[in-house]
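For reference, the structure discussed in these notes is given below.
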Amino acid sequence: MSDVVLDVHSATKTFGGLKAVNDLSFQIHAGEIVSLIGPNGSGKTTTFNLISGVYEPDSGDVLLRGESIAGLRPDQVYARGISRTFQMLRLFSNMSVMENVLVGMHGRTQANIIDCMFHTPRMRREEEVCVEKARAILAQFPGRFPESRHDQPASSLSYANRRRLEIARALAGEPKLLLLDEPVAGMNPMESMEVMQQIRDLKEAGHTILMIEHDMKVIMGASDRVIAMDHGVKLAEGAPKDVANDPAVVEAYLGRRGADTAS
Amino acid sequence: MAVLDRMNSMFRRAPRWTYIALALAFALIFPVLEQYGVIETLWLRLGTRTLVYVLLAVGLNLVLGETGLLHLGYVAFFAVGAYTTASLSSPRLGYHWNFWVIIALAMLLSMLFGFFIGLPTLRLRGDYLAIVTLAFGEITRITFNNWESVTNGPGGIPGIYAPNLFGWVVDKPGEFFYLLLAAVIVVVWLLNNIKTSRIGRAWNALREDEIASHHSGVRPLQAKLLAVVLSSGVAGLAGAIFAYYQQFINPTYFLFMQSTIVVCMVVLGGMGSIPGAVIGAVVLDTTPELIRQLFTKWLPDAVGADFLPGVQTALQQDFDRYRMLIFGLAIVLMVIFRPEGLLPNKLWRREVHEDDPRDQANTRQHMFDAEKGAQDLEA
């Protein structure tokens, strides 16, 4: 078996007359960090939504480890092993830090309604295991989630920590593929660098990551490969340096005259 | 409101079980007080009715507080439970079924009813859900009002037999009080267990952010249905016991106003908090009666018979009209001064008090970090 984790195969999604994603194909291999870049409206988030089950592709297919996941609901995609974060933070603000991570394990736990009603030993055991796992996940963000913060509401965290908590929640699903939608959006340069390091650490820990990002430093520093999109089409794919110097990519960002001046 | 805050922090400092034990002890001796003439039967009757509301509020809290669905037809399930009892344990249709069978059936029927109403409506969000559930609640009442062959229409069903629990015939207010208290204890215990499990967390997650919870493996429709079905079962149970206690029911017990009152109880007590729902029910159900007694009895007794003659007669004659006025006022005051409810869920407080100094400290710290970061970068 090859080490292809995700295979997007000529996926197309149209909204009315607009082809938001047009015949897009790419593959992601195990242990890779791939960045999806492109100007606003180029179809990056639609691609994420196609992968994570928000939309079903009009044509083409999305395969996770060889199995089609196109058309599955988000909870089913999650169960197959894809967790995601959101461009606009979507935390459970009135729930504690710990609870946020525990919700991320929802699809991985089995306790049924009877277990939950009577707190059966089976349910308690499962709960203990989950809490232990959640502690371990939060500990992957050194110094950011000390024990004393575990019972604080998520809304009390700083912005950067909320972003981290969202990643922690996604990790709780034990994903085969982690989708990060602009993980450093709105962060200051220092925080961005820290998150970048964390993303690298996640790779070291064996995670496969596809991220949408705009911050060039993070893209250059973290990704193994970059896929550039514009108008729903893949413009270029390859090593970060190569893609950044690709004339088509420069043109998409700066326009034709801008590209001429730059070269 | 400072008093409430202090009570709240006191409440949190002392171990929770002391308060539960105190409340339970009070509830246990309450009917005894009536027996020895310490309080009038009126208060025991009121207390019994309050317990019915406690069941309803705790049940609705599941949907409204935990899952965040504005369900305005809750009284329909209460009605289904009540009519189950009335039909199967009265001379009306000539049945006299066993108490336990009726209770089980009442819960089952109201849960089924909840399921079939929930299946189409729970796909809707926010305002739409509120309107549709409101309509279903009214349709249910109108159906009971017109289904003469079974329900005897507006005439209602009289002469409901007293329940027989393994030889214990429950027919005095005090006995109903204990029966309802037992129901409340069991229901609260079970619901609190669910609340602190993965299912309860899934409900809370749905309330906070449906999309994110869906992407965390929660199936929104399934989880919402479960909440609605369980809370319908609680309402059915409350209705079944209520019909036994009342011995007579007709559709006017199940007006839309009842749904509203239960919503008010949950909101006033503090959404997503079981002690809050209990307190909300107790406060909203007993305050009007306390006020009536105050103006028609206690004050006149203390000050003299002709104290505020106009107010006195008005309150004596049609107090129910003023009840709603007081409700409205109470809710408005709560929204202004204590939007999180009387005994809020501890995490919920933050959301409604955005000027919480702890949050500001965080924001300032964050801004400071950001500035420092920028300086580092320049340097």
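Both backbone and side-chain heavy atoms feed into the values below; hydrogens, waters and symmetry mates do not. Sequence lines set the chain letters: A, B, ... in the order given, protein chains first and strands last, and positions in each chain run from 1. Remember, predicted model here, so these are calculated numbers, not experimental data.
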Between A/R108 and chain B, with a heavy-atom cut-off of 4.5 Å, which part of the residue counts as in contact: side chain, backbone, both or neither?
neither
CE-CG distance between A/M95 and B/D209, expressed to the nearest 0.5 angstrom
11.0 Å
If we only count heavy atoms from C-beta on, is the A/M117 to B/L230 side-chain gap below 4.5 Å?
yes
Less than 4.5 Å to any heavy atom of chain A: does that hold for the side chain of B/L191, its backbone, both, or neither?
neither
Smallest separation among heavy atoms of A/F92 and B/A212, with atom names:
CE2-CB, 3.8 Å
Below 4.5 Å from any heavy atom of chain B, which atoms of A/S52 appear? Answer side chain, backbone, both or neither.
both
Is any side-chain heavy atom of A/V77 less than 4.5 Å from a side-chain heavy atom of B/H215?
no
Look up atom CD1 in A/I113 and atom CG in B/N193, then write down how far apart they are to the nearest 0.5 Å.
10.5 Å
For the pair A/R90 (side chain) and B/I211 (backbone), establish whether a donor and an acceptor sit closer than 3.5 Å, ignoring hydrogens and angles.
no
List the steps, then state whether side chain to side chain donor-acceptor pair (under 3.5 Å) holds for A/H119 with B/T196.
CA-CA 9 Å; A/H119 277 208; B/T196 52; 3.3 Å; yes
Using 0.5 Å steps for rounding, measure from the CD1 atom of A/I114 to the CD1 atom of B/I194.
8.5 Å
Are side-chain heavy atoms of A/E127 and B/S197 found at a separation under 4.5 Å?
no
Given B/R219 and A/R73, is the side chain to side chain contact (heavy atoms under 4.5 Å, CB included) satisfied, shown in steps?
CA-CA 9 Å; B/R219 295 181 61 178; A/R73 293 189 311 265; 3.0 Å; yes
Side chain, backbone, both or neither: which part of A/E126 has a non-hydrogen atom closer than 4.5 Å to chain B?
side chain
Mind checking the CG-CG spacing from B/N204 to A/N100? Nearest 0.5 Å is all I need.
10.5 Å
Reported SG-to-NZ distance for the pair A/C116 and B/K195, which is rounded to 0.5 angstrom:
14.0 Å
Top contributor to chain B interface from A/G107, A/A111, A/C130 [non-hydrogen pairs under 4.5 Å]:
A/A111
Could you check whether any side-chain heavy atom of B/R207 comes within less than 4.5 Å of a side-chain heavy atom of A/N94, counting everything from C-beta outward?
yes
Counting C-beta onward and ignoring hydrogens, is there a side-chain heavy-atom pair between B/S216 and A/H106 closer than 4.5 Å?
no
Mind ranking A/V103, A/N112, A/N161 by heavy-atom pairs under 4.5 Å with chain B and telling me who comes out on top?
A/V103
Taking atom OH of B/Y128 as the centre, does the number of heavy atoms from other residues, nucleotides or ligands within less than 6.0 Å exceed 12?
no
Would the number of heavy atoms belonging to other residues, nucleotides or ligands and lying under 6.0 Å from CD of A/Q110 be above 12?
no
